[in-house]
**Student:** 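Could you have a look at this structure, given as structure tokens, before my questions?
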Amino acid sequence: MKKWIPIASGLLAGFVAATISFADFSSSSNHDVASAGNKSNAEKVYVPFGKKDDYYLFASGGHSGQMFIYGVPSMRKIRTIPVFSPDSATGYGFDEETKKMMGGYTWGDLHHPAFSETNGDYDGKWMFATDVGNSRAAVVDLKTFTTKDIIKVPNTAGPHCAAFVTENTEYMFLPTRFAVPLGQKYESLDDYSSKYRGVMSAVTFDNQKVKLNVAYQVALPPWSYDLSDAGKKGSKDWAVMTTYNTEEATTTMEVNASQADRDYIVLFNWKELAQMVKDGKYEDVNGQKMIFPEKQKGGIYLIPVAKSPHGVDVSPDGKYFIASGKLAPAMTVFSFEKAFKAIENKQFAGERNGIPILKYEKVMEREVNPENALGPLHTQFDDKGMAYTTMFISSEIVKWDPKTGKTLDRVPVQYSPGHSVAAEGDTVAPDGKWLVALNKIAKDSYLSVGPSHPESMQLIDISGKMKVVQSAPVDPEPHYAQMIKADKIKTINVYPKDPNNKDAVYKQSDTKIVRKGNEVHVYGIAMRSRFIFDHTAKRPDTIEVNQGDHVFIHLTNIDFDEDITHGFAINDYDLNMEVQPGQTNTMELTADKAGTFPLYCTNFCSALHQEMNGYFLVKPKQ
């Protein structure tokens with residue numbers, strides 16, 4: 001009997017410690033039982049082993065150039081998807097396909113990811129993103145979570161507010177943050193107002209060829225274009241975007257671009273613009289079809305808005321668009337229906353740069369100014385159509401009713417939220433369970449890592465009274481994010497065999513090394529736990545070439561089993577690539593260094609992973 005006493009005491013002590021550590025005593029009695037209404041924060045975010053999160057959260061990586069994937073509600077980081085910057089772990093930017101996509105660039109500034117949509121709802125097929133640093137656009141395949149195409153967008157400088165897609169992914173629009181002369185040719189800043197332009201690009205995506213393409217562009221005034229959103233339902237043919245620096249300042253922007261009391265929302269009908277192009281109402285500018293609004297009238301209008309606005313967001317029902325003036329502590333609710341009537345009745349307040357200005361009072365539904373809320377930036381929606389706006393200066397999220405302007409709830413965050421993302425919160429059918437604040441500053445939140453702190457994402461339960469239930473550090477810098485139901489994304493387990501791929505070999509007996517002059521092609525396989533490059537060779541896991549040879553290593557992973565990924569690196573040649581199950585990948589190099597160089601698998605694949613190696617032998621020139 002005595003031997004059970006210490007065991008029982010230990011169990012009791014453990015129970016007490018667990019209760020003290022994880023129980024939530026703030027508002028419930030000791031007799032409460034866990035339920036949907038009174039779960040502790042830990043219970044709300046806990047996803048037991050063997051279970052999976054309900055949502056994927058795709059967060060932009062800002063100047064890292066990458067995309068970060070989290071699970072919600074656990075807030076566990078699942079994956080980094082390399083997009084605009086090289087990634088040595090996966091060999092992204094080193095193998096031939098991704099190196100070609102990168103176009104010689106070594107970094108990117110990834111902003112504002114956007115899912116492909118069908119009928120205004122996420123369809124879980126594709127993710128789009130833009131690179132502010134090098135004016136590029138990319139598409140990620142959600143079957144494999146890999147980047148499939150990148151295009152350089154001409155005539156533009158910094159597509160910041162994009163990407164945003166139309167209701168059925170007909171177009172992805174990419175307006176620019178910076179005004180430059182068309183083609184970025186040199187022009188004096190003294191001629192800014194006459195020689196510089198902001199440009200909006202209409203980009204299409206070919207699902208079959210998996211290719212992005214610039215359909216046409218619009219030469220807008222030389223202002224900065226910030227955030228954007230496409231219409232829904234009754235407004236589905238329209239889109240809106242905010243502007244700042246309508247002062248057309250060229251220096252000391254934080255002062256000179258904030259002089260005017262109002263800037264503008266650009267309201268445009270993308271179907272009408274597409275018809276203009278079809279009718280030939282455009283000019284050729286550096287090989288692109290360019291619409292000039294001062295010449296080709298129609299389809300584009302301006303609406304006055306509080307100065308230096310940031311976000312503009314369309315309500316789930318498609319009836320309203322809400323603009324947030326970050327230097328004026330107010331949100332403005334505009335009506336699409338009123339805007340359409342104002343256009344029909346020509347209720348204009350003049351023009352600016354040849355574009356008609358709609359009368360503010362004819363389009364505005366109401367101004368909303370929550371008490372003591374400062375720095376409104378970006379709005380998301382729940383399943384009841386309620387709005388949630390980030391307040392950058394007062395560091396909070398404010399919940400309010402767009403139909404009345406009434407403040408319903410608010411919760412502080414740490415600190416300075418730029419954007420937020422609700423569960424499917426910018427679709428026609430938001431979920432209304434969770435909202436994540438993307439905070440620019442995380443001071444005092446985590447263990448110190450020196451002078452620079454990580455950004456933070458805070459998970460907020462919005463199913464009842466708003467409550468922050470979890471906080472997660474994040475690499476720099478999430479400018480925007482989108483949250484999708486996990487069951488909408490259908491990933492593949494392995495890459496299927498591709499009989500049309502001339503570089504792929506799926507049997508040991510097909511492996512070979514082919515020389516054509518000083519060009520060498522290696523058709524090899526990776527399998528647990530060896531490489532085979534030439535099955536007829538004395539040492540099939542060795543590649544022998546001459547100094548100066550141009551070498552192509554085509555490697556196929558024939559382990560058709562999920563998560564058995566192999567890597568391939570050549571010691572001291574500064575090269576690595578990844579080959580996922582069933583995938584064929586190619587590495588190109590010039591054997592400019594003579595000598596003996598071990599090659600090995602860089603991705604743990606089996607108990608004999610260490611033994612998965614060989615040699616790259618380079619005979620010196622005679």
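For this chain, numbers begin at 1 and follow the sequence in order.
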**Student:** Can you measure from CG (D498) to CD (Q583) and round to the nearest 0.5 angstrom?
**Tutor:** 11.5 Å

**Student:** Give the table of side-chain donor-acceptor pairs shorter than 3.5 Å for residues 490-497, with sequence neighbours excluded, one pair per line with atom names and distance.
**Tutor:**
| residue | atom | partner | partner atom | Å |
| --- | --- | --- | --- | --- |
| K490 | NZ | D487 | O | 2.8 |

**Student:** For K488, which of D54, D121, D123 qualifies under salt bridge (charged side-chain N to carboxylate O under 4.0 Å, His left out)?
**Tutor:** D121

**Student:** I'd like to check the salt bridge (charged side-chain N to carboxylate O under 4.0 Å, His left out) partners of K433; sequence neighbours left out, ordered by chain and number.
**Tutor:** none

**Student:** Would you say the side chains of K77 and T80 form a donor-acceptor pair under 3.5 Å?
**Tutor:** yes

**Student:** Tell me yes or no: between the side chains of Q217 and N155, is some donor less than 3.5 Å from an acceptor?
**Tutor:** yes

**Student:** Which pairs, with at least one residue in residues 546-564 and sequence neighbours excluded, count as a side chain to side chain donor-acceptor pair (under 3.5 Å)?
**Tutor:** R515-D549, H521-H554, H550-E588, H554-T586, T556-T584, D559-H566

**Student:** Please tabulate, one pair per line, all N/O donor-acceptor pairs under 3.5 Å involving side-chain atoms of residues 614-622, not counting sequence neighbours.
**Tutor:**
none

**Student:** Go through the side-chain N and O atoms of Y92 and N576 and say whether any donor and acceptor fall under 3.5 Å apart.
**Tutor:** no

**Student:** Scan N168, L142, V139, T169 and name whichever one has a side chain to side chain contact (heavy atoms under 4.5 Å, CB included) with S116.
**Tutor:** T169

**Student:** Listing request: all ring pair (Phe, Tyr, Trp, His ring centres under 6.0 Å) pairs with a residue in residues 128-147, at least two apart in sequence or in separate chains.
**Tutor:** Y56-F145, F58-F145, F128-F205

**Student:** Do the side-chain N and O atoms of W126 and N207 include a donor-acceptor pair separated by under 3.5 angstrom?
**Tutor:** yes

**Student:** Checking R79 now: which residues fulfil salt bridge (charged side-chain N to carboxylate O under 4.0 Å, His left out) with it, not counting sequence neighbours?
**Tutor:** none

